[in-house]
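Report on one structure; see the data block that follows.
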Amino acid sequence: MTRTEELEKRLNLLVKFGGLISTETNLNKLLELIAEQVKHMLDGDRCTVFLLDNETNELWSTIAQGMDNTEIRIPYGKGIAGHVAESGQIINIKNTYADNRFNNELDKLTGYKTKTILAVPLTNINGKIIGVFEVINKNTTYFDKDDEGILMLMGSLASSAIENAQLYENLSKSQLETIYRLAVTAEYRDQQDTAIHLRHISEYSGIIAEEMNLSEKEIENIKYASPLHDIGKVGIADAILLKPGKLTAEEFKEMKKHTLYGSKILSNAESNLLQIACKIAAFHHEKFNGKGYPDGLKGDKIPLYARIVSVADVFDALCMPRIYKPEWPKEKAMCYIKEESGKSFDPVVVEAFLKKEAEIFKIHDTLDGRTTLIPGMHRTPRNNSK
Ligand code: C2E
Ligand code: SIN
Ligand code: SIN
Ligand code: FE
């Protein structure tokens with residue numbers, strides 16, 4: 001292949017790369033994707049994406065070691081990666097063991113022999129360095145000038161995608177915390193086991209969404225947004241919410257307003273997650289046959305997220321003791337869900353729910369709300385093995 005042909009091929013790959021990475025908002029997946037693409041494009045044996053941790057002033061990355069992912073951390077200014085982060089300059093080394101900036105501790109740890117390294121800084125649009133790309137061991141000889149240019153380009157494309165994903169993660173983590181505080185506040189009055197109920201709703205909704213082949217993003221959304229469905233109960237007076245017996249028609253009319261209060265509390269949010277939560281709060285008591293509240297919406301007119309949460313909510317409400325009713329055995333609750341298919345509930349949602357009966361029952365039996373308040377929340381591992 002001539003050099004022009006080679007560059008043309010790479011340009012095409014670069015365009016594809018830009019498109020591919022721009023839609024991934026999960027940071028870990030994004031980093032994997034980038035590493036894979038960079039390796040492929042530069043014909044290297046490995047690629048490591050280091051990100052700068054401003055709190056500790058270290059560069060961190062996860063590397064595959066055997067079957068596990070281990071986090072490695074390099075102090076700013078140390079090693080090849082640290083030098084690149086500090087200087088903002090490319091480093092292209094043809095013989096690493098002859099270079100005194102190279103730190104072979106990682107090689108010792110992994111049993112891998114690093115021969116050549118090309119490392120470039122990752123810079124955001126404000127010119128701030130957010131990390132370092134390293135490609136290691138060119139399969140043929142060593143990395144050349146063209147490789148340097150390509151890696152810089154990939155770096156600038158990757159930087160914005162990485163920042164985006166980081167922003168997204170931070171946002172959603174602090175949102176999640178707020179959400180749970182709000183949700184717990186809303187529900188602790190009428191339920192002692194608030195945390196369990198919220199956790200159940202979240203898990204059940206996620207399982208249904210998964211079975212219905214919703215995208216990963218949508219599954220995540222529904223898991224995180226569903227616990228807010230009854231936030232509007234904060235606006236309901238104790239005399240009604242905590243009434244031990246059956247509500248009068250008048251009282252139930254008041255009770256139904258929790259959907260409106262909820263959608264008001266969550267309205268006009270900028271965050272996508274809260275917008276979804278708003279729809280769920282507003283419409284989780286709509287019925288598939290149009291006989292629900294607040295608007296009497298029918299079928300697909302009810303947002304899908306709300307149709308899913310409705311099944312999860314009713315199943316769990318039946319299985320839990322309430323001040324106004326004892327708990328039902330899970331089998332009986334399951335029968336009720338089945339009977340209400342096409343009436344209260346979307347048959348497609350019910351079908352997904354029934355298919356997952358075993359998994360649902362297992363969660364019903366084992367999940368205790370103390371494990372974690374925040375479902376699916378897992379932090380970046382920090383085992384600081386440096
Ligand atoms: P919740 O207790 O979280 O119940 C959520 C939904 O689960 C109910 O929505 C209903 O669809 C279903 N559900 C709960 N318990 C039963 C039951 O024993 N039988 C049947 N067939 N379905 C049940 P719904 O009816 O729109 O009620 C919304 C909220 O209004 C309830 O939330 C609860 O906080 C309150 N509520 C409803 N009925 C009464 C009542 O008789 N007394 C009191 N104190 N509160 C009630
Ligand atoms: C470094 O010195 O930057 C670490 C080298 C490596 O990633 O193998
Ligand atoms: C997120 O909501 O995107 C973060 C979930 C995680 O901890 O991976
Ligand atoms: Fe409700």
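Ligands are counted one by one from 1 in listed order, and the atoms in each one are counted from 1 as well. Remember, it's a predicted structure, so these values are computed and weren't measured experimentally.
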Taking the basic N atoms (NZ, or NE/NH1/NH2) and the acidic carboxylate oxygens, is any pair closer than 4.0 Å for Lys138 and Asp147? yes
Does Gly245 come within less than 4.0 angstrom of ligand 1, counting non-hydrogen atoms of the residue? yes
Please identify which atoms of ligand 1 are closer than 4.0 Å to at least one heavy atom of Lys246. 41 (O)
Electrostatic pair Glu220:Lys217 at N-O distance under 4.0 angstrom: yes
So for ligand 1, is Lys325 a polar contact partner (N or O within less than 3.5 Å, distance only)? no
What part of Lys233, side chain from CB on, backbone N/CA/C/O, both or neither, has a heavy atom under 4.0 Å from ligand 1? side chain
Under a 4.0 angstrom heavy-atom cut-off, which atoms of ligand 1 come close to Met255? 29 (C), 30 (O), 34 (O), 35 (C)
Strictly under 4.0 Å, does any heavy atom of Leu242 approach an atom of ligand 1? no
Side chains of Thr114 and Asp107: donor-acceptor distance under 3.5 Å anywhere? yes
Electrostatic pair Lys330-Asp365, nearest N-O below 4.0 angstrom: yes
So, regarding His258 and ligand 1 (criterion: nitrogen or oxygen to nitrogen or oxygen, under 3.5 Å), is there a contact or not? no
Show which atoms of ligand 1 fall inside a sub-4.0 Å distance from at least one heavy-atom site of Tyr336. 21 (N)
Show me the side-chain donor-acceptor pairs of residues 298-305 shorter than 3.5 Å, one per line, residues at least two apart or across chains.
none

Run the ring-ring contact (aromatic ring centres under 6.0 Å, His included) test on His258 and His229 for me, step by step, so that the C-alpha distance in whole Å, both residues' side-chain angles and the decisive distance to 0.1 Å come before the verdict. CA-CA 9 Å; His258 79 280; His229 68 285; 8.1 Å; no
Near the Fe ion (ligand 4) (under 2.8 Å) - protein N, O or S atoms: Asp230 OD1, His258 NE2, His284 NE2, His285 NE2
So, Tyr142 and Asn95: side-chain donor and acceptor under 3.5 Å apart, yes or no? no
Near Arg322, which atoms of ligand 1 are under 4.0 Å from a heavy atom of that residue? 1 (P), 2 (O), 3 (O)
Residue Tyr293 vicinity, atoms of ligand 1 by number, heavy atom under 4.0 Å: 24 (P), 26 (O), 27 (O), 28 (C)
Please say whether Lys243 places an N or O atom under 3.5 Å from an N or O atom belonging to ligand 1. yes
Row check, Tyr204 ring normal vs Lys356 NZ/CZ: under 6.0 Å, within 45°: no
For Ser61 and Arg73, test the side chains for any donor-to-acceptor distance below 3.5 angstrom and give the result as yes or no. no
Give yes if a backbone or side-chain nitrogen or oxygen of Asp313 is under 3.5 Å from a nitrogen or oxygen of ligand 1, and no if not. no
Within 45° of the axis and under 6.0 Å from the centre of the six-membered ring of Phe288, does NZ or CZ of Arg307 qualify? no
For Ala281, is there any backbone N or O sitting under 3.5 Å from a side-chain donor or acceptor partner on Asp230? no
Is the closest basic N to carboxylate O distance between Arg3 and Asp146 below 4.0 Å? yes
Among Ala333, Ala317, Ser310, which one has a heavy atom closest to atom 4 (O) of ligand 1? Ala317
Could you tell me, atom by atom, which parts of ligand 1 come under 4.0 Å of a heavy atom of Ile240? 44 (N)
Atoms in ligand 1 with a heavy atom of Val314 nearer than 4.0 Å: 7 (O), 11 (O), 12 (C)
Run the salt-bridge test on Asp144 and Lys94 with the 4.0 Å N-O cut-off and return the result as yes or no. no
